[in-house]
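Here is the structure we will look at, set down as structure tokens.
Excluded from the calculations below are hydrogen atoms, water molecules and symmetry mates; all remaining heavy atoms, backbone and side chain alike, are included.
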Amino acid sequence: MRAQRCKGTKDLSPEEMKSFRLIEKVFSDSCQRWGYEEVRTPTLEYLHLFTATGTLTPSRLNKVYSFLDWDGWSGERVVLRPDGTIPIARLYIDTMAGKKPAKLFYITNVFSFEETGKETRERWQCGAELIGAGSSVADAELVIVALEVLRKLKLEDIELRLSHSGLIKALLEKLKLSPGEQHRVFDQILDGNAEVLAEAGTRNPELGRILKPLIDLKGKSSGFLRNLRALCQGDLAGLKPAFDNFIDVVDTLEAIGIRFQIDMAAGRGFEYYTGMIFQLFAGGQHIGGGGRYDALIPLMGGRDIPASGFALYLDHLMNQIKPDTLASPPGPAILIKARTRPAGILPEAFRLADRLHKAGYTAEVYLGGQEPANLRWKIELPGKAPQFILTDKVNDKKCELKTVREILALLKG
Amino acid sequence: MKHPLWPHDNQRGFIEGTVKTDNLKIALPKGRLLAETADLLQTAGWGLNTYHEGTRAYRPKSEMFPGLLAKVFHEKDVPIQVAVGNYDLGICGLDWIQELLVKYPSSALVKLRDLGFGKGTLFMLASQSGGLSTLAAIRASRERVRLASEYPNLAESFALEQRLRQFSVFPLWGAADGYPPESADLALIAGSTGTGAFNHGLVPVSPVLSFSAYLIANKNSWESKDLSALLHSIEDTAGPWLAGKRRQDEGKFAPVTVANERNVTGKRHTSVATESMVWLALPDGHQQKPTIELLKRAGIKMDDYPSATGNRRPTSSLPGVMIKVIRPQDMPLQVANGNFDLALTGRDWLTEHLGQFPSSPVTELLDLKSGRVRIVAVISNDLSAADIDGLKELYAGQDISIRVASEYVNIADKYARDNHLGAYRVIPTWGATEAFLPEDADLLIENTETGQTIARHNLKIIDTLFESTACLIGNKDSVAGATKSQRIKSIIKILRAAVENV
């Protein structure tokens, strides 16, 4: 029977893990500097945690890995975590309620069925959540942290696209759809089809006047939104508060000097968002996003507390970064070769390795097979005088040494 | 996929057939759709010798297409067998096709044609007397909504589409109409089109799916094989027959048995149900006969069990006991959930339940010593293996999985694990499991009384897992007041005396 990797899963090679750990490190360093603390939630959660808020679309819930646990006779299903934010909200309600603000970050895998099995069904995210701060400044801080990480990762062609869930919902309300239809249209927008909003606009010419420029054009300043707000007269006056909130956030970003594009169709998957939504792209690839989700924690049975957050997609970032430009290559390695007899030489080889590690070198005991690629020095333990024979492969030199101290001096010199 | 242990099965492929249908395979339904499917294929000229009601043969031969392998399955198994590629074509209801596709949308299955017969509608039903009898009330519910159905995937899909906040789906073997309102809030049930009346005071909350019989194909077969001779016979020769089915459409459907007043009992029962009431589940189907005998010996008088009108709530001479009639397969789960205090089922189904949920509180209270069967491991007579180790040896070093077919998925799974079957697959079945050997499974876990059915299908028993008899089960964690505990004890005592007085 051939050993097979499960369909839709991925192994990470030593090379890929180097990129993975680099991104993790840059991300967690940045978060910690901004006062965020790391948390980790379990891989298994109850399905109802994700259905209870009524915020995830049926098409997303249909791709959740759910099953009955060994004690699931009540029919209560458990899932492999399909989303990063909802478990953090659960953790906050469980153990941190009252902490304000709670600044949390996490590095986690999320699971979602992908039909073809060609793309991975397990994806990794670096996320940060800011619970308890409702201002536009909080939204701006998350954008700043996310952009800082991308800058430190030396990514090029970074694009920030902004949208606003409150504005989309207010527009949908104006379309006067039946509740069922409204759900359907909203679900379609969430699943990435923004054109249904434009289509719906053709049914209401008054609204179409705002919808067309809002959806077709891409704004580059808060002026774009102010212009549209000016059109909100009469029946459309109800749209103003959503515009006001959006303009508030955009003003803050503008004042800090962050460049952005206003794009109402900015991506999918903002199910629980209530306010500003942002999506990040690098080299044309979608590498992350986030937004404000003030209703989520109360919907989950927690206190009425505002929150916002973002996540970066590790798998996509790994394609984009150039690891060599981010970290210095590992130092040269030392290989210790000892005779197996007489007894007592091998333990000495391990003691030598330990001394070298403590002195900051990369040293390993030879166990047969291929020699490491970045090998520079070889130290042989012949089991008789002289105690050590050291070969410098770069300078093609060989010398005989009696003590570890002599070795250290020579390596240093 | 070619099966290395069954080379003779593939040899036909090397002989150039004169008819293009050699080596093609079709899965045909038993049960509800059998009569009309047989009629259709007869009209199409297939001349299937043993495909008729009451048949015990699973492999009818076609006079017109001698090389065609036709096999008869439980209707629910047909779309699965076609999707996994064991069969090129199949006939079954759209309800079972959708039950598969809603959970596994990438299944390799093509819907070729609506055959126009076997029409019905799946309704989500609630009890008139329950709190959740409208879609709006269900959607607004903050409590866990319990859905019971033979169609668990469609029920789950309904729950997700309706954005229910918290729900449980009870997959059932049958008798879903007996569940609301006490044992479930909603039941997804097949009914005839155009009727609003259901048994037991149930009201439709929402239609979920209209269905009829379909001709389906495996996607790869459709793309790569020549199925045209079979399709021509159905489309051309049986064309007028099919057109006739379409014309008959409306009008023909009789409403499902509308309960008489006495049977619309949901309201009455819930109003008298109290904390001290004992809930007892009795079996339907062929388990009814031994149960009736046992109750008779115990001196318990029953009214309307078995019921000619499909009433699932018979009454009895036992004071303070509510009785519902459900499938024995479904009882352990219902007892685990506290929907019933006592149930008469088989040890096989209790073992199956505990295989899935090892820490379940359900326990055997009394061996009723009737309905004795053995749960056995079965293989084809054509295999040389004499026991399970011999079977393992046959497969050792082969790059294939042992396919274990069973109605008892969890018992089969545990048996495969305990016997180190290596890479194996469990294929769930819904009856007629013997038909799966040898082409569609390698090993069966089956129950048998005499072993005759197994022998008749050219199969042999290589292991006995355990013996099963009817038993009374209960919930060891249930917390009951003094009156209720006393009532439960007294029922156990009466039944024990009846068992011992044979």
Side-chain angles (χ1 to χ4, degrees), chain A residues 1-4 6-8 45-79 82 86 113-119 121 178-180 182-184 186-188 190-191 271-272 296 298-301, chain B residues 102-107 135-136 139-148 152-153 155-171 184 332-339 353-362 395-402 410 421-424 475:
Chain A
M1 180 55 56
R2 201 157 60 89
Q4 268 184 317
C6 198
K7 192 174 171 186
E45 297 272 6
Y46 286 119
L47 171 62
H48 73 78
L49 187 64
F50 302 90
T51 54
T53 53
T55 46
L56 296 189
T57 63
S59 81
R60 250 191 97 187
L61 287 170
N62 275 323
K63 293 185 175 131
V64 164
Y65 281 88
S66 77
F67 55 95
L68 293 174
D69 206 344
W70 289 104
D71 58 359
W73 60 82
S74 71
E76 175 82 79
R77 296 176 88 83
V78 292
V79 297
I86 291 175
F113 181 70
E114 190 276 326
E115 238 177 63
T116 64
K118 285 174 190 148
E119 283 173 52
R121 295 167 182 175
S178 70
Q182 197 169 325
H183 255 308
R184 193 182 52 76
F186 194 56
D187 285 349
Q188 278 180 296
L190 293 178
D191 287 333
E271 284 109 325
Y272 33 71
L296 185 66
L299 271 174
M300 289 171 68
Chain B
V102 74
K103 183 92 180 174
Y104 307 104
S106 49
S107 300
L135 209 50
R139 288 181 66 140
S141 172
R142 295 252 161 202
E143 299 293 310
R144 189 161 58 95
V145 178
R146 301 163 304 161
L147 301 101
N153 299 339
E156 184 178 345
S157 172
F158 173 87
L160 292 177
E161 291 296 332
Q162 296 302 325
R163 293 171 176 257
L164 302 193
R165 290 166 205 277
Q166 192 174 354
F167 61 88
S168 292
V169 175
F170 297 137
L333 190 72
Q334 291 302 312
V335 172
N337 280 294
N339 288 335
H353 170 75
L354 293 174
Q356 187 178 10
F357 304 116
S359 54
S360 162
V362 182
Y395 282 81
Q398 305 251 24
D399 197 19
I400 46 169
S401 322
I402 299 181
N410 295 291
L421 289 197
Y424 65 89
N475 186 327

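- Annotation for Phe113(A): atom CZ counts as buried by contact number, over 12 foreign heavy atoms lying within 6.0 Å.
- For Leu47(A), the part lying under 4.5 angstrom from a heavy atom of chain B is the side chain only.
- Applying the 6.0 Å contact sphere to CD of Glu115(A) captures more than 12 heavy atoms from other residues, nucleotides or ligands.
- Evaluation of the salt bridge (Lys or Arg N to Asp or Glu O under 4.0 Å) rule for Arg77(A) yields no partner, not counting sequence neighbours.
- With a 4.5 angstrom heavy-atom cutoff, Gln162(B) does not touch chain A via any of its atoms.
- Of the listed residues Ser157(B), Ser360(B), Ala159(B), the one with more heavy-atom pairs under 4.5 angstrom with chain A than any other is Ser360(B).
- Listed in order of number, the residues of residues 332-339 of chain B that approach chain A to under 4.5 Å between heavy atoms are Leu333(B), Ala336(B), Asn337(B).
- Side-chain contact between Gln356(B) and Leu68(A): present, with at least one pair of heavy atoms (C-beta onward) separated by less than 4.5 Å.
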>> If you apply the rule side chain to side chain contact (heavy atoms under 4.5 Å, CB included), what do you find for Thr51(A) with Leu164(B), and how did you get there?
In response: CA-CA 7 Å; Thr51(A) 54; Leu164(B) 302 193; over 6 Å; no
>> Could you go through Trp73(A) and Val362(B), starting from their C-alpha distance and side-chain angles, then the distance that decides it, and tell me whether this counts as side chain to side chain contact (heavy atoms under 4.5 Å, CB included)?
In response: CA-CA 10 Å; Trp73(A) 60 82; Val362(B) 182; over 6 Å; no
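- Only the side chain of Arg144(B) comes within contact range of chain A, judged by heavy atoms closer than 4.5 Å.
- Every residue two or more places apart in sequence or in another chain was checked for a ring pair (Phe, Tyr, Trp, His ring centres under 6.0 Å) with Tyr424(B), and none qualifies.
- Contacts between Leu147(B) and chain A at a heavy-atom distance below 4.5 Å are absent for every atom of the residue.
- Closest heavy-atom contact between Ser74(A) and Ser168(B): O-OG, 3.0 Å.
- Between Phe357(B) and Asp69(A) the shortest side-chain heavy-atom distance does not fall below 4.5 Å.
- Taking CD of Glu156(B) as the start and CG of Asn62(A) as the end, the distance is 7.5 Å to the nearest 0.5 Å.
- Residues passing the ring pair (Phe, Tyr, Trp, His ring centres under 6.0 Å) test with Tyr46(A), sequence neighbours excluded: His48(A).
- The backbone N or O of Asp71(A) lies less than 3.5 Å from no partner atom in the side chain of Ser359(B), so there is not a single donor-acceptor pair.
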